[in-house]
Amino acid sequence: MDAFELFRKLGAGAKFDLKRFGQDAARDSLLFAVFCLTEAAGGPLKDMEGSGITWTSSLDRKIQNLPSDGKEKSSLKRMKHLHQEKVNRIRSQHRINVHGCDVPDPVSTFEDLQSEYRLSPRVLQNLKDAGLTSPTPVQMQAIPLMMHGRELLACAPTGSGKTLAFCLPLLAQLQQPANLGFRAVVISPTRELANQTYRELLRLSEGVGFRVHIIEKASLAAKKYGPQSNKKYDILVSTPNRLVFLLKQDPPALDFSSVEWLVVDESDKLFEGGKTGFREQLAAVFLACSGSKVRRAFFSATCTPDVEQWCRLNLDNLVSVNIGHRNTAVDSVEQKLLFVGTENGKLVAMRDIIKTGFLPPMLVFVQSIDRARELFHELVYEGINVEVIHADRTQQQRDNVVNSFRAGKIWVLICTALLARGMDFKGVNLVLNYDFPTSSVEYIHRIGRTGRAGHQGKAITFFTENDKPLLRSIANVIKQAGCPVPDYMIGFKKIHR
DNA sequence: AAAAAAC
């Protein structure tokens, strides 16, 4: 073990300890907190971004406590400096940007999670069996943070491993099955995504004995794990509204008083307001987690200023993690805009894509449920394996479609925004935006269904005269991801500014 | 603006 490694180990377990460091340390930490707030608010320290404020602040105290001019002191200082350089190098290499106080070092291998954070060897084996060999950037930084019990807002591109970034620490932190009731809750915007996360947790925790649960029917839920039931689950995955429904029964059919971790996946989506929006539901779930030690983590590929502001104001000692630039499309997708003139032109162009040969499977996004139905009826007689999915279909139909698509039995899947976020289908070769997305955020999520985990993908976006108002913002996203875009789409407004 | 989300 070299000196760097030694210091890494020292740093990994470093926690701020008031009793050990006394009053002075309390004042220092207060100053440090103010410092970080200034930075987070975009103050004069903005240039510190990504430089990595780390555990070394507690090492500083060790150094301070040593006699001045001692040999030990100067060598500690030097090692600290070298270690910090190494950490900064790892962060910049993987485009990891962190904001916050006392951020633990990133981990470079899954094995480190076992040695430093007591991740069970069986979970490690499950990772290997799943073909996962080394952590992605968001995993490198978010996992140590959650292992230290830090509340965080993590923003990382589509298909970059966010699900694993929160599933692993949940399993490692809960350590082993306990009969305490739900200790971790994961919230997703759609049932399909909740189901996918649930399956991921099952796969990772196989052989460890954790009890992971997903609510299938809220009406059966009360019996299954209500107050009378003695079967206690450790982890729950759900969409928010059924939790709200169960929580407000009298007496409540769910007990969230033992919840230690609340993970909000696709957090910007779940922060959408309006009277019937997700935001109110989320608030009700937050409120039900009455335990004193509840920690919250927010994940998404896109982040609104609104979410960030909320996290800054409400989370305890927030750390925000950004991988690469925020709100950008992945560069592993070859993106094209295709002018099709009119509505009619879309169907002609679509038939052309099918006729001239394409590599299935492909996902076709439309803007509404009715549009999905209509397009399905146009294509169902073409002699290709086409299916359609949206929220007006029965849960049984939705499940069947997702399963068949995963099994490769469907070549063309027509869908609404239902499948736009989080879904991880292996090997989608083409995303076709049949209807123009209504925002660049939606565009980023839709095309993120392909080009995942380092694989290549393709996306084609149809546009007509009517789509011109939003064309520029999407064209900018495409250009930023390194794909060619006609100049007239971007240039015009900037020149006149 | 639509979609999603309980029974």
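The sequence lines fix the lettering, A, B, ..., with proteins before strands; numbering per chain opens at 1.
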Next item on the list: Determine yes or no for a side-chain-to-main-chain donor-acceptor pair under 3.5 angstrom, with A:Q141 supplying the side chain and A:P104 the backbone.
Entry: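 Yes, because the side chain of A:Q141 sits within donor-acceptor range (under 3.5 Å) of the backbone of A:P104.
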Next item on the list: Look only at the side chain of A:R242 and the backbone of A:S238, and say whether a donor-acceptor pair between them is shorter than 3.5 Å.
Entry: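 Not at all, since once roles are kept as given, no pair shorter than 3.5 Å links the two residues.
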Note to self: How would you summarise protein contacts on nucleotides 1-7 of chain B per nucleotide, using B for base, S for sugar-phosphate only and - for none, with heavy-atom distances below 4.0 Å?
What the structure shows: BSBBBBS
Next item on the list: Flag the pair A:R421 and A:D268 as a salt bridge only when some basic side-chain nitrogen lies within less than 4.0 angstrom of an acidic carboxylate oxygen.
Entry: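 Counted as a salt bridge, because a side-chain N and a carboxylate O are separated by less than 4.0 Å.
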Check: Do A:R373 and A:D392 meet the salt-bridge criterion of a basic N to acidic O distance under 4.0 Å?
Finding: yes
Next item on the list: Quick one: list whatever passes ring pair (Phe, Tyr, Trp, His ring centres under 6.0 Å) with A:F436, sequence neighbours left out.
Entry: none
